[in-house]
Amino acid sequence: MAPPLSSWPWASLGIYKYFLLAPLVWKVAQEWTEQGGAPLGSRWLHLLLLFSARGLTYQFWFSYSNMLFLTRRRRVVPDGVDFRQVDHEWDWDNFLVLQTLIGAALVNGPLLLPGLENLRVWDPRGLGIALLLHVGFSEPVFYWAHRALHGAPLFFSQYHAGHHSTPVTQPLTAGFGTPLEALLLTLTMGVPLAGAFLMGAGSVGLVYVHLLTFDYLRSMGYSNVEVISHRVFEAVPPLRYLLYTPTYLSLHHREKDSNFCLFMPLFDLLGGTLNSKSWELQKEIYQGKNDGVPEFVFLAHVVDIMSSMHVPFVLRSISSVPFENRLILLPFWPVALVYMLLMWCCSKTFLVSFYYLRGRLHQTWSVPRHGFQYFIPAAKEGINRQIELAILRADRMGVKVLSLAALNKNEALNGGGILFVDKHPDLRVRVVHGNTLTAAVILNEIPSNTKEVFLTGATSKLGRAIALYLCRKRIRVIMLTMSSERFLKIQREAPAEFQQYLVQVTKYQAAQNCKTWLVGKWLSPREQRWAPPGTHFHQFVVPPIIGFRRDCTYGKLAAMRLPKDAQGLGSCEYTMERGVVHACHAGGVVHFLEGWQHHEVGALDVDRIDVVWKAALKHGLTPV
């Protein structure tokens, strides 16, 4: 049996826990109806507004701290947040629900605090009283209670160990804990407010200012990004004992034997628990101590406006699962549209996410362009310039391999990356399109007893390689293309004895008896209709086709699961499952792990498909 106050009573409700606040919504609706308009003086409305504003405070700091293009140089702990931590902290806002319910009890009925009957908008006396009570009560009470949680092994294991089980602090970590910890925070946060109201100096403004400042400082401390310059503390030395820093909090979170204060290190100084490394480490981190150089970079791009919100710095609950269009994202669509226009006008390639593989830093950068822009002729030069600048930047940094994603290696755009290699022959970074492994993944998905396939996008880089590989296996390849010239060029590349297995067709009807379709070009519902029942659609088209046929099956884009020793993975790559990346990403990883010194650009070398596939399996990458 779990100890009291060690687990949340609504843990089994999941997202439905928010219905616990439904009575407050009902009260606001009643008052709205009775007053014929918004009940601006409603206590219930203020409770709901505070719940939202406080949640947004944590979300704001979460977004900022995970905007790696702004914060990577000042990260306190360089490691990434993995899926285990994401799931562990999923219900981080339980404390907000609890405190809102406690607030509802305090503003209603027999628990009504004096001074709540006729609330003033603002009373400056209340701020002074709350500040005095915070320093004189909240700080010492939290300090000693926090030390007690660490000092008693039973208390720590049952009530506080979970909070410290996350290796990298995040603003959302600040709210993650047991009901006992939440009640302790409620006490330290609530007493200054209660004191101000009991002394007749309470106000609506004080509640908002005090609670949001409290949450702001908590979020800042847990942000894992050093935001306060060491020069501030050097200029005003006493300030270091009045305000903690993310480095200060992180030292406590990792070492667990020092830095117990709420916000004021003064109490650690008085209690003899101030970590002597706090200020020197803070200075080193602010100056960029943990700014590592990646050895592998995957250069991605945005697919569309909706998927642009599937990034680690927007909503963790969205980015940590495979992308799909969700109703919750629709209100943010106008904001995402504005950001798309801003990126088009004045942005450059930026860092999105990272992970470590065998101690080596791997990063994903994104070209600030959306999928549709790659098909605008006037945008071609600008996109290539963005990619070129990213390659040159990687070269200056000492990156070993840079892999191009999807449209960044489009044949019509830059010849599969060959444009950049020809223009800069002295590049030290190896540019890789990853299509060799993409082809290998697709080919190894095809059942071994297959005798015939239908191939669309047949004259593309991938289509050509797939056709040439399969014909050598004596598999008949029905190639859909209107260009006899391109078909004949590919057919002549095949050994003479295998050329007969390559067949050109110009209509989808030609494949009405073939149950293996390799899709490298978008298929409309009408075109899919020609496939016989039981057909499986293997895909290498971006974006993937929509499955309209219930009597057929649809494969996902070619992908591979990263090795088990990949660390710090906490977001999904577009529609991929957790830990799975697109094959072109995986192809770059294999290129790096093998230490190959050639560029993989332009046309695919069919003879290397099996070589790259075996290398991928050797390094622990696995097919999905």
Side-chain angles (χ1 to χ4, degrees), residues 1-30 42-59 61-62 81 83-112 142 145-146 149 154-166 169-190 193 207 211-212 214-215 218-219 222 315-321 326-328 570:
M1 182 177 177
L5 299 178
S6 64
S7 60
W8 292 94
W10 54 74
S12 61
L13 294 180
I15 195 172
Y16 297 107
K17 68 185 179 186
Y18 300 113
F19 282 104
L20 294 171
L21 304 180
L24 280 70
V25 178
W26 176 252
K27 286 281 189 180
V28 172
Q30 280 185 319
S42 169
R43 301 167 191 154
W44 314 109
L45 178 61
H46 284 302
L47 284 170
L48 291 174
L49 289 175
L50 278 167
F51 176 81
S52 301
R54 296 180 67 196
L56 286 173
T57 300
Y58 287 91
Q59 178 60 44
W61 271 104
F62 171 81
V81 175
F83 290 117
R84 187 196 66 81
Q85 179 172 341
V86 171
D87 293 339
H88 198 49
E89 297 176 348
W90 195 268
D91 291 312
W92 66 272
D93 60 349
N94 277 334
F95 82 104
L96 286 178
V97 176
L98 175 65
Q99 291 175 353
T100 303
L101 294 176
I102 291 174
L106 292 175
V107 301
N108 183 47
L111 294 178
L112 181 67
F142 181 89
H146 196 183
L149 283 173
L154 184 64
F155 270 23
F156 183 81
S157 63
Q158 294 181 342
Y159 293 106
H160 199 46
H163 179 75
H164 277 274
S165 64
T166 53
T169 60
Q170 294 275 280
L172 307 188
T173 310
F176 173 68
T178 60
L180 179 67
E181 293 168 295
L183 289 172
L184 172 61
L185 281 173
T186 304
L187 178 69
T188 57
M189 183 175 61
L193 283 177
V207 175
L211 294 185
L212 293 179
F214 193 97
D215 290 326
R218 290 268 295 167
S219 301
Y222 279 86
L315 292 172
R316 189 162 77 174
S317 59
I318 299 296
S319 65
S320 62
V321 294
R326 299 169 184 265
L327 290 176
I328 193 175

What is the minimum heavy-atom distance between Ser7 and Pro179, and which atoms define it? O-CG, 3.3 Å
Calculate, to the nearest 0.5 Å, the distance between atoms CZ and CG belonging to Phe51 and Leu56 respectively. 10.0 Å
Would you mind reporting whether Trp8 and Val97 have side-chain heavy atoms less than 4.5 Å apart? no
In short, Ser219 meets Pro171 closest at the heavy-atom pair O-CG, 4.0 Å
Checking Leu20 against Thr100 for the side-chain contact (heavy atoms from CB on, under 4.5 Å) test, could you report, in this order, the C-alpha distance in whole Å, the side-chain angles of both residues, the deciding distance, and whether it holds? CA-CA 10 Å; Leu20 294 171; Thr100 303; over 6 Å; no
Could you tell me which non-hydrogen atom of Val28 sits nearest to which non-hydrogen atom of Ser42, and how far apart they are? CG2-OG, 4.3 Å
If you take all heavy atoms of Ser320 and Trp90, which pair is closest and at what distance? OG-CZ3, 3.6 Å
Report the distance from atom CG of Leu184 to atom CG of Leu5, rounding to the nearest 0.5 Å. 11.5 Å
Going from CG on Leu185 to CG on Leu180, what distance comes out if it is rounded to the nearest 0.5 angstrom? 10.0 Å
If only side-chain N and O atoms count, and only distance matters, is there a donor-acceptor pair under 3.5 Å linking Thr173 with Gln170? no
Taking Thr178 for the side chain and Tyr159 for the main chain, is one N or O donor matched with an acceptor at less than 3.5 Å? yes
Once the angle between the rings of His160 and His163 is folded into 0 to 90°, is it parallel (under 30°), tilted (30 to 60°) or perpendicular (over 60°)? parallel
About how many Å separate CD1 of Ile102 and OG1 of Thr186, when rounded to the nearest 0.5 Å? 4.5 Å
Are Tyr222 and Phe176 near enough that their ring centres are under 6.0 Å apart? no
Passes side-chain contact (heavy atoms from CB on, under 4.5 Å), Leu187 versus Phe142? Steps please. CA-CA 9 Å; Leu187 178 69; Phe142 181 89; over 6 Å; no
Would you check if there is a donor-acceptor pair between the side chains of His88 and Ser165 at a distance under 3.5 Å? yes
Check against side-chain contact (heavy atoms from CB on, under 4.5 Å), Phe214 and Arg54: CA-CA 9 Å; Phe214 193 97; Arg54 296 180 67 196; 5.6 Å; no
Taking all non-hydrogen atoms of both residues, which atom of Ala182 and which atom of Leu98 are closest, and how far apart? CB-CD2, 3.8 Å
Within the structure provided, determine whether Arg326 and Val321 are in side-chain contact (heavy-atom separation under 4.5 Å). yes
From CZ (Phe95) to CG (Asp93), nearest 0.5 Å: 7.5 Å
Return the CD to OG distance between Glu181 and Ser6, rounded to the nearest 0.5 Å. 10.5 Å
Enclosure of Phe83 CZ (heavy-atom neighbours >12, cutoff 6.0 Å): yes
Just to verify, which of Gln85, Gln59, Glu89 counts as forming a side chain to side chain donor-acceptor pair (under 3.5 Å) with Arg316? Glu89
For Leu172, is there any backbone N or O sitting under 3.5 Å from a side-chain donor or acceptor partner on Trp61? no
Which is it for His46 and Val207 under the side-chain contact (heavy atoms from CB on, under 4.5 Å) test, yes or no, and what are the steps along the way? CA-CA 10 Å; His46 284 302; Val207 175; over 6 Å; no
